[in-house]
Number of protein chains: 2
Amino acid sequence: MNYSINETSQLTGLSKYTLRYYEKEKVIPEVKRDSRGYRVYTEQDIEWLTFLLNIRQTGMPISKIKQFSQMRFKTETIPARRQMLLEHKESIIKQEERLKKSMVAIDAKIKRYEHYVQLQAEQNP
Amino acid sequence: MNYSINETSQLTGLSKYTLRYYEKEKVIPEVKRDSRGYRVYTEQDIEWLTFLLNIRQTGMPISKIKQFSQMRFKTETIPARRQMLLEHKESIIKQEERLKKSMVAIDAKIKRYEHYVQLQAEQNP
DNA sequence: ATACCGCTTAGAGTGCGCTATAATGCAAGG
DNA sequence: CCTTGCATTATAGCGCACTCTAAGCGGTAT
């Protein structure tokens with residue numbers, strides 16, 4: 001199945017601007033065109049975009065995604081791609097730890113606030 | 001205990017530029033000065049900065065941190081502050097979910113890569 | 001025929017969060 | 001007294017990731 005830029009935008013959540021920008025900046029390989037020169041995205045293009053979006057949304061910078069993405073059609077790059085993903089996994093684990101730490105601090109603060117409100121209520125019953 | 005901008009920078013990990021920028025932009029309240037006009041950070045300032053950094057590093061935008069921080073010395077703002085933190089907690093939970101989803105996709109991709117490498121090795125033993 | 005729609009491109013602009021520069025000041029050490 | 005060294009300010013610049021504008025083209029509808 002093939003998709004227009006509009007459909008692709010809706011399927012991925014990326015704006016049309018962003019889809020064109022990604023192609024111009026070689027974050028994704030060149031997309032096929034129809035007779036009018038319009039972009040035609042394949043199912044595989046969508047899948048690739050979706051995967052890239054996954055790593056994008058978890059903080060991989062565009063420059064690295066570009067590196068990763070440019071290896072797409074070369075099977076000999078599989079070890080390098082695997083390595084990049086392993087490193088990104090590490091970064092995700094660090095982010096999870098960051099979120100947990102922050103959660104603890106926030107919970108403590110919320111408790112202090114609630115404790116304060118409680119005391120106020122007791123003093124003015 | 002009091003701290004110079006240099007010490008504060010080291011304690012918090014924020015650059016001196018950033019510390020001045022936060023103050024100029026009212027992300028933190030005005031810091032006391034010594035006789036020469038140099039900034040003097042108190043223990044409480046450090047604690048506040050550390051907390052702000054916690055919410056900053058988990059994605060709260062500077063504009064919101066500014067709102068939050070400007071309520072610091074008004075006890076009647078405690079319910080509003082609590083509410084902001086509850087909302088930020090929600091955002092952290094969403095981020096955790098995002099990370100988990102991404103992790104699953106990455107793990108699947110890594111497995112596919114390893115499976116591919118495995119097959120290659122079997123064909124050329 | 002002409003108006004409109006959706007796409008195309010190159011290139012300019014935006015928002016965020018810093019980061020750096022330039023000019024100046026003050027105070028302690030040689 | 002003068003240099004060194006750290007601070008101060010206002011203001012400019014940067015990197016990232018988009019986001020938008022302007023000008024133009026091709027196919028369909030009136």
Side-chain angles (χ1 to χ4, degrees), chain A residues 2-42 45-46 48-70 88 91 95 98 102, chain B residues 2-42 45 49-70 88 91 95 98 102:
Chain A
N2 290 332
Y3 304 93
S4 71
I5 194 166
N6 228 330
E7 291 164 335
T8 305
S9 169
Q10 303 213 304
L11 283 168
T12 61
L14 293 164
S15 76
K16 292 191 263 180
Y17 295 139
T18 304
L19 286 168
R20 294 192 195 103
Y21 158 76
Y22 277 6
E23 197 176 341
K24 187 165 60 176
E25 297 296 316
K26 301 186 188 305
V27 175
I28 52 171
E30 282 198 357
V31 174
K32 276 176 212 137
R33 305 304 179 103
D34 68 10
S35 58
R36 293 168 301 180
Y38 288 16
R39 284 171 181 79
V40 177
Y41 294 84
T42 66
D45 288 337
I46 306 285
W48 190 249
L49 270 170
T50 304
F51 184 72
L52 295 186
L53 204 55
N54 254 307
I55 56 180
R56 175 79 205 90
Q57 287 175 337
T58 51
M60 187 183 286
I62 291 292
S63 57
K64 273 206 175 174
I65 293 178
K66 189 174 156 178
Q67 274 182 53
F68 180 83
S69 187
Q70 287 182 347
H88 189 56
S91 127
Q95 289 181 63
R98 182 96 276 298
S102 198
Chain B
N2 290 333
Y3 303 94
S4 70
I5 193 165
N6 232 329
E7 291 164 336
T8 305
S9 169
Q10 303 214 303
L11 283 169
T12 60
L14 294 164
S15 76
K16 291 191 264 179
Y17 294 140
T18 304
L19 287 168
R20 294 194 194 102
Y21 159 76
Y22 277 6
E23 196 175 342
K24 187 167 59 177
E25 297 297 316
K26 301 186 189 304
V27 175
I28 52 173
E30 282 199 355
V31 174
K32 276 175 210 136
R33 303 304 179 105
D34 67 11
S35 58
R36 293 168 300 179
Y38 288 15
R39 285 171 181 79
V40 176
Y41 294 84
T42 67
D45 287 338
L49 269 169
T50 304
F51 184 73
L52 295 186
L53 204 55
N54 253 308
I55 56 180
R56 174 81 205 87
Q57 287 174 338
T58 51
M60 188 183 284
I62 292 291
S63 57
K64 272 206 174 172
I65 293 178
K66 188 174 157 177
Q67 275 181 52
F68 180 83
S69 188
Q70 287 182 347
H88 189 57
S91 128
Q95 290 180 62
R98 181 95 279 297
S102 199

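Numbers restart at 1 for each chain; the letters A, B, ... are given by sequence-line order, proteins then strands.
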Asker: Would you mind classifying the nucleic acid contact of A/Arg20 as base, sugar-phosphate or nothing, using non-hydrogen atoms under 4.0 angstrom?
Answerer: base

Asker: For the salt bridge (Lys or Arg N to Asp or Glu O under 4.0 Å) test, which of B/Arg33, B/Lys32, B/Lys16 pairs with B/Glu23?
Answerer: B/Arg33

Asker: Just to be sure I understand the rule, does B/Lys16 reach a base, reach only the sugar-phosphate, or reach nothing, if contact means heavy atoms closer than 4.0 Å?
Answerer: sugar-phosphate

Asker: Using only side-chain N and O atoms of A/Tyr22, determine if any of them is under 4.0 Å from OP1 or OP2 of D/dC18.
Answerer: yes

Asker: Applying side chain to side chain contact (heavy atoms under 4.5 Å, CB included), run through B/Val40 and B/Ser4 and close with a yes or a no.
Answerer: CA-CA 5 Å; B/Val40 176; B/Ser4 70; over 6 Å; no

Asker: Within less than 4.0 Å of OP1 or OP2 of C/dC16, is there a side-chain N or O belonging to B/Arg56?
Answerer: no

Asker: Specify the separation, in whole Å, of atom OH of A/Tyr21 and atom P of C/dT9.
Answerer: 16 Å

Asker: Under 4.0 Å from OP1 or OP2 of D/dT9: is there any side-chain N or O of B/Arg33 that close?
Answerer: yes

Asker: Taking atom P of C/dT8 as reference, at what distance in whole Å does atom NZ of A/Lys24 sit?
Answerer: 12 Å

Asker: Would you sort out whether A/Leu11 and A/Tyr3 count as a side chain to side chain contact (heavy atoms under 4.5 Å, CB included), showing the intermediate values?
Answerer: CA-CA 9 Å; A/Leu11 283 168; A/Tyr3 304 93; 3.7 Å; yes

Asker: What is the distance from CG of B/Leu19 to C1' of C/dT19, rounded to the nearest Å?
Answerer: 13 Å

Asker: Between A/Leu14 and A/Ser35, who's closer to the 5' end of DNA chain D by nearest nucleotide?
Answerer: A/Leu14

Asker: On DNA chain D, does the nearest nucleotide to A/Ser63 precede the nearest nucleotide to A/Tyr17 from the 5' side, or the other way round? Give the residue.
Answerer: A/Ser63

Asker: Is any side-chain nitrogen or oxygen of B/Arg39 closer than 4.0 Å to OP1 or OP2 of D/dT8?
Answerer: yes

Asker: Determine, using ring centers only, whether A/Trp48 and A/Phe68 are less than 6.0 Å apart.
Answerer: yes

Asker: Is there a side-chain contact between B/Asn6 and the phosphate of D/dC6, meaning an N or O under 4.0 Å from OP1 or OP2?
Answerer: no

